[in-house]
Protein chains: 2
Amino acid sequence: MISVEFASSYANPAGSPIRELFPYLNRPGMISFAGGYPSPSLFDAEGLQQAAQHAFADTAGSLQYGATEGSPALRQALAQLCAARGIQCDPSHLIVTTGSQQAFDLLVRVYIAPAASVYVETPAYPAAIQALRLAQARIHEVLVDEDGIDVDALQRQLEDAVPSDRPKLLYTVPTFSNPCGTLLTQSRREALVRLALKYEFLIIEDDPYGELAFSTSVPPPIYATGHVMAAADNPVVYLSSLSKTVAPALRVGWMLAPAEILRRCAIAKQTSDLCTSPLAQAVASRYLASSRYAAMVAGARDEYASRMRAMAHALRDELADTLTFFEPKGGMFVWAELARPMDMPRLFQAAVEQGVLYVPGDAFYPYEPRGQGMRLSFATPSTHEIAQGVRRLARALRLCADHRSSASR
Amino acid sequence: MISVEFASSYANPAGSPIRELFPYLNRPGMISFAGGYPSPSLFDAEGLQQAAQHAFADTAGSLQYGATEGSPALRQALAQLCAARGIQCDPSHLIVTTGSQQAFDLLVRVYIAPAASVYVETPAYPAAIQALRLAQARIHEVLVDEDGIDVDALQRQLEDAVPSDRPKLLYTVPTFSNPCGTLLTQSRREALVRLALKYEFLIIEDDPYGELAFSTSVPPPIYATGHVMAAADNPVVYLSSLSKTVAPALRVGWMLAPAEILRRCAIAKQTSDLCTSPLAQAVASRYLASSRYAAMVAGARDEYASRMRAMAHALRDELADTLTFFEPKGGMFVWAELARPMDMPRLFQAAVEQGVLYVPGDAFYPYEPRGQGMRLSFATPSTHEIAQGVRRLARALRLCADHRSSASR
C-alpha cells in the first residue's frame, strides 16, 4: 500500500471491544448476554411497514435531500416525545441526528480539541469513550454507584482539579445507564446541575433507555431540572434515540441544546452526512404520529421487566455467593461484579466454551478496569434462555474457581 | 447560555454558502439553477416502494443494528456496480457509508491532523472544502480546465513544494465535476496516478456523477487506472453514492480502499453513527438487485442530456457575448464565467429579483475566487423552465451592465 501517514489517533487504533465479540455470536447454540441490542421480537414491523407505505405515498418529501437539522414533521414529533418525558420544547430547539451516537460525535467535534478535559461516568458506554479517545480528549473518570454519579465525589474532584483539568463536558446516561443500569436520583440531578453551573461545564445527558422503566416512576430528564434551575443558562444538552424503543435500523436520534450549540452541530453535520436519511425520518415521523408507539413501548417495558426478573432470579439462585449485582429499575443491563478475584480473560473463554457470552467489564473503562465486572444484557434472550445462560455462566465460574484452587495447591 | 469554549474551528464557523440560498428557493415562481439535487421527476418511487416492501418482508435483517462496514447484500450489489464501471473488486474491498459525504469525512478524520497539507481541485465541491477547513487542513488549490485537473501545472506545484507542503491527499471529482462539469482525460488520469506514486499522496476520487454520461464513452475511474498501474500500491481511494442515481434520501454511499484504510475508517464510523441505516441499506440492495436500476439511470441520462442541451442553447441564444461556458459531457452542472468584470453580489440580487437562482462562484473556492463564475444546474428545472430561467438571467445581467455603464458616466 502507498505510504501516507495516518493522523496520530488512527496510527494504531483499537476497535470496539464489543465488536470483537461478534464472531462468537454466530456459534451454534450460543446464548448472548453481550449485545446492547433491543429484542427483535418486540419490533413493530407491521406498524413500521405501514409508516413506510405512508412515507412513499408522499415521495416528494422523502426521496430528496432534506434539511440538515431534520424534517419539520419529525422534529415536531420528537418535541412531543420530549414533552411526554417532562421537557417542554419547541421543534426548533432540537436537531435530528443519525442515531444519538452522531449527536455525541457532533458535540465532540464542536467542543473537543486535543487535550481538552472531559469527565465521563465510569463504567461508561464504550463508544462514548472511543469517540473521546480518538478526539484525544483527556478523560477523567467519575465513579457511579447504584444511584448514578456520586455527586459528592464529583464535587471533590472538581474542587481539587487545577483549572486546566476542569471539564468542558460531563458525559452521563443518568436513566438506566449502560452498562450499570443505575438511576440517578432527583436530588443528585439537582446537585449535578448546581456543579455544572458553578464550574461551567456542559452535562451531556444521553437518554436512550429512559422510557424503559419497569415500575418506579422515573425522575424527569436532567435537562428538565436544568431548565427549572437555570432557564436560559441550562447547562444540559439532551440526547436521545429511537433505537431502543422503535428500531435501531432507522438510525434516528436527536439533540436538544441551545441555539448556538445546535447551529455549530448542524455545520458539523453538513460535513458529516449532509442530513439523516429522509426516508428513515419519514418512516419515523409517521410511526410516531400513529397510535402504535405508546403500546409498543409499554410492551417492551413489560417484556424487559420480566426478562430482568428472570435474570436476577437466576443469578441469585446460581451465583449468589460469587457475584454481586443490583436489580435495575429499567433499561437493558445488569452489571455484575465478582466477589473474589479471578482470571477474567480465562473466565471469558470458559464462558464461551460453555455457550454463554457477556461483555467483560474492562470494555467500559477508559483506562484500567476497577473491580471485576461484567455486563449482562437481558434484552435479547428469552426468559428460558436467560435461565439457561446463567447456569452456563455458573458452570464457567465453577470451572475457573476449581482451576484456581487446584493451581494454588 | 452557559459559557464553555468551542473548539477553535467552531468558534465562529461559516455555514454552507449553498444552504444560505435556501430561503430564496421558496419564493413563488423562482426558477432554480442552484441546487445540486437530482430531479424528483426521475425518482423511481414505485421501484423503491417495492424494494421497501421486500425489505420489510425480511424484517430480521433490516430493523436491527447492522455491521459498521455495511450489509453483505449491499456490499455485494455495490461491488457489482463497480464492476460495471470498470473496477473489479470484492465486496470486502468496500464499506458502505452514510452518503459519500461521510466517506470523505471519515478519510479526513483518519488522515488529517491540523496543518496537514491537502490538494483540492479548484473550483471544488463546497462540502469537501468545508470538511477540510474544519479539520484545519492547509488547503492548496489545483486548477482545472475543461479536461479536468491540469496535471502539468500540478507537477510543477509538487516539484516546487517544500516537503511539509506536499499533500497527503488530493481531492477530485474527475468525471463530470461539481461545479465545472469537467471530464478528466485518460492520459491525465494516468499522469495523475504517476504523480501520486512519485510524491506519495492518495487520490480521493469522488464519483457521484460517473453514470450520468450523455453520449461519449467515459474513461474508467482513476481507481481502475491506478489498479492497472500499481496493483497493491494503487494510490486511489474511490468514493461513490446512490444519491444522484437512485435517491438522495437513502443516504447510501461507499468507499473502495485498501484494507488498512477501510479498517480505520470503520473505527471512525463506529464513533460517527455506528452503521448506515440498515433499513435504507435493505431498500438500496433490493432496488439494485431488481432490474430497474439500469433503466432508471438510462432515463436520467437522457433527461439530463436534453436539459443540458436546452441550457446550452439558451445560454448561446441569450448570453453568447456575456458568458463563456462549455457543454459538459455528463453530470448536472454548467459552469459559466462572465466575460467582463461585474459586481457579483449585485448580479446575484438582480437575478433573485428576476426570479432565477444560481450558486455564485465564490462558494467553490477555499480562499479568494478566481474569475467570475456561477454554477448553473440543469438537473431540476424542465427544459421550458431552463429557457425561461436563462432569459431572466440575461435580463439581470443587462440590468447590472446598464447600471454599471450609467454609474460610470
Side-chain angles (χ1 to χ4, degrees), chain A residues 1-8 10 13 15-16 37 40 43 45 48-49 52 56 59-60 62-66 98-99 101-102 105 109-113 127 130-131 134 168 197 200-202 232-233 235 247-251 258 260 264 267-268 270-274 276-280 283, chain B residues 1-8 10 13 15-16 37 40 43 45 48-49 52 56 59-60 62-66 98-99 101-102 105 109-113 127 130-131 134 168 197 200-202 232-233 235 247-251 258 260 264 267-268 270-274 276-280 283:
Chain A
M1 182 184 134
I2 183 171
S3 152
V4 179
E5 214 177 328
F6 292 105
S8 60
Y10 285 92
S16 150
Y37 288 17
F43 293 148
L48 286 165
Q49 183 159 18
F56 274 106
T59 54
S62 52
L63 291 177
Q64 191 57 279
Y65 288 103
T98 307
Q101 181 66 36
Q102 184 184 55
D105 181 64
R109 289 174 184 235
V110 156
Y111 277 108
I112 305 302
Q130 174 78 329
L134 290 171
K168 289 191 160 197
L197 292 170
E200 294 191 316
F201 59 87
L202 291 172
D233 288 330
L250 296 173
R251 310 303 307 119
E260 284 297 281
R264 288 169 171 85
I267 287 171
Q270 284 166 37
T271 70
S272 183
D273 64 6
L274 301 178
T276 294
S277 165
L279 177 62
V283 174
Chain B
M1 181 183 136
I2 184 173
S3 151
V4 178
E5 214 177 329
F6 292 105
S8 59
Y10 286 92
S16 150
Y37 288 17
F43 292 149
L48 286 164
Q49 183 159 17
F56 273 107
T59 54
S62 54
L63 292 176
Q64 190 56 279
Y65 289 104
T98 307
Q101 182 66 36
Q102 185 184 55
D105 181 64
R109 288 175 184 235
V110 156
Y111 278 109
I112 305 302
Q130 174 80 327
L134 290 171
K168 289 191 160 199
L197 292 169
E200 294 191 316
F201 59 86
L202 291 173
D233 288 330
L250 296 173
R251 310 304 306 118
E260 284 297 281
R264 286 170 172 85
I267 286 172
Q270 284 166 36
T271 69
S272 183
D273 64 6
L274 301 177
T276 294
S277 165
L279 178 61
V283 173

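Basis for what follows: all heavy atoms, side chains included, without hydrogens, waters or symmetry-related copies. For clarity, every value in this text was computed on a predicted model and none was experimentally measured.
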Looking only at A:Leu274, A:Leu250, A:Leu134, A:Thr98, most heavy-atom pairs under 4.5 Å shared with chain B are made by A:Leu274
Sorted by chain and residue number, the side-chain hydrogen bond (donor to acceptor under 3.5 Å, both in side chains) partners of A:Arg109 (sequence neighbours excluded) come out as A:Asp105, B:Asp105
Among A:Ser272, A:Ala131, A:Gly99, the residue with the most heavy-atom pairs under 4.5 Å to chain B is A:Ser272
Tightest non-hydrogen contact, residues A:Gln64 and B:Pro40, listed as NE2-CG, 3.7 Å
Residue from B:Val283, B:Thr276, B:Ile267 scoring the most non-hydrogen pairs under 4.5 Å with chain A is B:Ile267
Okay, B:Leu202 and chain A: the region with an atom under 4.5 Å from a heavy atom over there is both
Exercise. Within the side chain of B:Lys168, is there an N or O that forms a donor-acceptor pair under 3.5 Å with the backbone of A:Glu5?
Worked result: yes
Residue from A:Arg264, A:Glu200, A:Gln270 scoring the most non-hydrogen pairs under 4.5 Å with chain B is A:Arg264
The interface call for B:Tyr111 against chain A, heavy-atom contacts under 4.5 Å, is both
Per-residue tally against chain A (heavy atom, under 4.5 Å) across B:Glu260, B:Gln49, B:Gln130 peaks at B:Gln49
Highest number of heavy-atom pairs under 4.5 Å with chain B among A:Gly66, A:Pro248, A:Ala113, A:Ala52 belongs to A:Pro248
Look at the aromatic rings of B:Tyr65 and A:Tyr37 and report parallel, tilted or perpendicular, splitting at 30° and 60°. tilted
Between A:Thr271 and B:Ala127 the two heavy atoms that sit nearest each other are CG2-O, 4.4 Å
One option among A:Ala268, A:Ser277, A:Ser8, A:Ser3 has the most heavy-atom pairs under 4.5 Å with chain B, and it is A:Ser277
Chain A shares the most heavy-atom pairs under 4.5 Å, among B:Ala232, B:Pro235, B:Ala280, B:Pro13, with B:Pro13
